[in-house]
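Beneath this line is the structure, given in structure tokens, with notes to follow.
Naming: A, B, ... by sequence-line order, numbering from 1 per chain.
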2 protein chains.
Amino acid sequence: MIRRLSQARERGIPEATVARLPLYLRALNGMSERGLATVSSEDLALAAGVNSAKLRKDLSHLGSYGTRGVGYDVEYLIYQISRELGLTQDWAVAIVGVGNLGRALANYGGFVSRGFRVAALLDADPEVVGDRIAGLNVEHIDELEAVIRRRGVSIVVLATPAAAAQQVADRVIAEGITSILNFAPVVLSVPEGVDIRKVDLSIELQILAFHEQRKTDRMTGGPAMAEEWPEAVDL
Amino acid sequence: MIRRLSQARERGIPEATVARLPLYLRALNGMSERGLATVSSEDLALAAGVNSAKLRKDLSHLGSYGTRGVGYDVEYLIYQISRELGLTQDWAVAIVGVGNLGRALANYGGFVSRGFRVAALLDADPEVVGDRIAGLNVEHIDELEAVIRRRGVSIVVLATPAAAAQQVADRVIAEGITSILNFAPVVLSVPEGVDIRKVDLSIELQILAFHEQRKTDRMTGGPAMAEEWPEAVDL
DNA sequence: CCCACTTTGTGCATCGGTTCACAAAGGGAC
DNA sequence: GTCCCTTTGTGAACCGATGCACAAAGTGGG
Ligand SMILES: NC(=O)c1ccc[n+]([C@@H]2O[C@H](COP(=O)([O-])OP(=O)(O)OC[C@H]3O[C@@H](n4cnc5c(N)ncnc54)[C@H](O)[C@@H]3O)[C@@H](O)[C@H]2O)c1
Ligand SMILES: NC(=O)c1ccc[n+]([C@@H]2O[C@H](COP(=O)([O-])OP(=O)(O)OC[C@H]3O[C@@H](n4cnc5c(N)ncnc54)[C@H](O)[C@@H]3O)[C@@H](O)[C@H]2O)c1
């Protein structure tokens, strides 16, 4: 029993492809601004930093939007990718936790551009509540549920301390939110059907450090085989 | 001709594993603080949000550090993972671009904790240069090369506008830097051997939007098959 | 209208990563 | 010392993603 209507059209886009579509979109927008009408998979792949076969396969999952011998129509492809990603509608985003990071995010113009609108800022600190940031009033976390409903929030950005993140997540999920972007360094436990994406600076640095160490080890002829547990450390 | 000395010991840790080690480390630190002496793969996997077979395979790439029937010694494992990740040495990090985001990063205590030290802040804006942030003087971007050398910087965090990122990257790479964490929404082009990790808020939101759209589509009985190019858009 | 050239879309081999499932190893009780 | 219980470490099947390589499709020139 094989289920396969048309190669891959019936709504089954690989996760890896989805993660690259925004990259293509950004490259295409640059080309659109520079007035290019069409682009080949080779050129677009170069601009997006991927291999051209991969790009073509990715795009083929959306449909057959290219013209052989010519390439892809820039504006048309922008439209198709935007539609696929859901950027033709606008998304109300709430930022919870308006500290260092929350403020930077609120003031950031970069994502308002593409369908995302910061619709609410929430914090627990009475010192912060009431502040006006990027044209928005910071509201009290007690208002969380009401604000989500009132503003039609569908994506929540968590920028609270780690200790508060799970508890805030539970509350927004109870309110029906199923998309969360988490900056707090904790593993959130959420029910099936809720999408969490995490951004973790510290993890990124640790991965860089791993490779950096390896590069310098290689130059100095490998580590001095210090495999042993040093005496100094108490168990 | 098969090259295989000891299962996987000779320095070949899968990338996916490396990306998870910081997660295990964080979970282990929590356990250490709570005074746990040993932990089973089952419990640690739960805390890190992964499946226990994966956890065991990941750890097996570092060596055979568990005890069958017992589990892993928490402190010992913390030490081994830290060493593998290169966190037993300290890394001098420079942040280039001290705007909204750069400031938040500079003020963030969370990564100083684990082997990373913000050693320099640089900006091009004369208004910003000279500011004192988190105990550091913001220096002028003209000093970039000198500062990197003087402070022994080995990891650079890019928090400049997109337009400046490539140019700054070129300069730090010329100075010998091979590890860059990039927050600017551009594809950096760098020579072989230079590691770039990127953090892109906008991409994360777009991925969430994609899934969110799909979830709501499903509830409303799928998209209204609006496959066509709407009239309004000019080509 | 036909031919030469360009570029897409995809079948297929390959690869890295995940998961299952179990033999081997160690601990503790008696 | 033996037996039973727990938990690791890993072989092997599986799965999704990557990249090669080429047939099919379309363009433009003569
Ligand atoms: N600043 C960075 O560069 C950075 C980098 C990586 C990760 N992070 C993480 O992002 C999160 C925020 O970092 P930050 O530097 O902005 O911290 P911060 O302390 O400056 O801000 C946290 C804010 O959250 C508020 N808050 C606390 N509990 C709350 C609750 N229950 N509900 C709502 N708001 C609450 C606090 O009042 C504060 O305003 C932290 O988890 C941090 O680990 C920050
Ligand atoms: N703020 C956010 O939440 C956020 C989120 C995602 C991505 N980003 C990206 O991070 C980057 C920084 O964002 P931001 O909000 O802090 O912007 P910002 O404009 O507040 O800060 C940028 C800083 O870089 C400095 N700068 C400009 N050119 C420079 C150069 N050649 N060398 C050194 N410094 C230079 C500017 O003087 C300014 O201080 C941008 O690329 C932005 O797209 C920001």
Side-chain angles (χ1 to χ4, degrees), chain A residues 2-21 23-24 28 31 36-74 76-77 80-81 84 207 211, chain B residues 2-21 23-24 28 31 36-74 76-77 80-81 84 207 211:
Chain A
I2 291 166
R3 176 88 65 133
R4 192 120 281 221
L5 290 184
S6 67
Q7 252 51 295
R9 206 56 275 276
E10 19 66 89
R11 311 272 124 189
I13 299 181
E15 198 49 40
T17 295
V18 172
R20 281 187 296 266
L21 291 179
L23 230 51
Y24 304 152
L28 284 164
M31 290 167 175
L36 286 178
T38 63
V39 64
S40 69
S41 63
E42 200 64 53
D43 291 352
L44 182 52
L46 191 70
V50 304
N51 142 338
S52 72
K54 181 149 59 183
L55 173 92
R56 287 198 300 277
K57 186 152 288 185
D58 282 343
L59 295 183
S60 78
H61 288 118
L62 310 192
S64 196
Y65 296 144
T67 307
R68 292 168 193 231
V70 176
Y72 301 88
D73 181 289
V74 172
Y76 185 52
L77 197 51
Q80 290 297 347
I81 295 179
E84 197 64 59
I207 295 171
H211 292 295
Chain B
I2 291 164
R3 175 91 62 138
R4 192 123 281 224
L5 289 182
S6 67
Q7 252 54 297
R9 207 57 273 278
E10 18 67 85
R11 307 274 126 186
I13 300 181
E15 197 52 38
T17 296
V18 173
R20 281 187 296 266
L21 291 179
L23 229 52
Y24 304 152
L28 284 164
M31 290 168 175
L36 286 178
T38 63
V39 64
S40 69
S41 63
E42 201 65 53
D43 291 351
L44 182 52
L46 190 72
V50 302
N51 141 340
S52 71
K54 180 146 65 180
L55 174 93
R56 287 198 298 278
K57 186 150 286 183
D58 282 344
L59 294 183
S60 78
H61 288 119
L62 311 192
S64 195
Y65 296 142
T67 307
R68 291 166 192 231
V70 176
Y72 301 88
D73 181 289
V74 172
Y76 185 53
L77 196 51
Q80 291 296 348
I81 295 179
E84 197 64 57
I207 296 171
H211 292 295

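One atom, CG of Leu59(A), and another, P of dG9(C), lie 8 Å apart when rounded to the nearest Å. The distance from atom CD of Glu15(B) to atom P of dG17(C) is 8 Å, rounded to the nearest whole Å. Taking atom CG of residue Asp58(B) and atom P of nucleotide dT10(D), one finds them 13 Å apart after rounding to whole Å. As a whole-Å value, the separation of Tyr24(A) OH from dT8(C) C1' is 15 Å. Distance His61(B) NE2 to dG16(C) C1': 11 Å, rounded to the nearest Å. Across the protein-nucleic acid pair, Ile13(A) atom CD1 and dA17(D) atom C1' stand 15 Å apart, rounded to whole Å.
Only Arg56(B), Lys57(B), listed by number, bring a heavy atom of residues 44-57 of chain B to less than 4.0 angstrom from any atom of DNA chain D.
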Close N or O pairs between protein and nucleotides 26-30 of chain D (under 3.5 Å):
none

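Taking each heavy atom of Leu59(A) and Ile81(A) in turn, the nearest pair found is CD2-CD1, 4.1 Å. Pairing each heavy atom of Ala45(B) with each of Ser52(B), the nearest pair is CB-CA, 3.6 Å. Contact detail for Met31(A) and Asp43(A): the closest heavy-atom pair is CE-O, 4.1 Å.
Here the side chains of Leu44(B) and Leu77(B) are in contact, with some heavy-atom distance below 4.5 Å. The side-chain heavy atoms of Leu21(A) and Leu62(A), taken from C-beta on, include a pair separated by under 4.5 Å.
Legend: salt bridge (Lys or Arg N to Asp or Glu O under 4.0 Å) pairs involving residues 45-57 of chain A, not counting sequence neighbours: none detected.
Considering only residues two or more places apart in sequence or on other chains, Arg20(A) meets the salt bridge (charged side-chain N to carboxylate O under 4.0 Å, His left out) condition with Asp58(A). Judged as a side chain to side chain contact (heavy atoms under 4.5 Å, CB included), and not counting sequence neighbours, the contacts of Ile207(B) are Glu15(A), Val18(A), Ala19(A), Arg197(A), Ile203(B), His211(B).
Phosphate proximity of dT7(D) to Ser40(B): absent, as no side-chain N or O sits under 4.0 Å from OP1 or OP2. At dT7(D), none of the side-chain N or O atoms of Tyr65(B) fall inside 4.0 Å of OP1 or OP2 (strictly under the cut-off). For dT7(D), neither phosphate oxygen OP1 nor OP2 lies less than 4.0 angstrom from any side-chain nitrogen or oxygen of Ser41(B). For Tyr72(B), no side-chain nitrogen or oxygen approaches OP1 or OP2 of dG26(C) to under 4.0 Å.
In this structure, Tyr24(A) OH and Thr17(A) OG1 are separated by 7.0 Å, a value rounded to the nearest 0.5 Å.
Within 4.0 Å (heavy atoms only), Glu42(B) reaches no atom of the nucleic acid at all.
Comparing atom distances between the Pro14(B) side chain and each of dG17(C), dT7(D), dT18(D) picks out dG17(C) as nearest.
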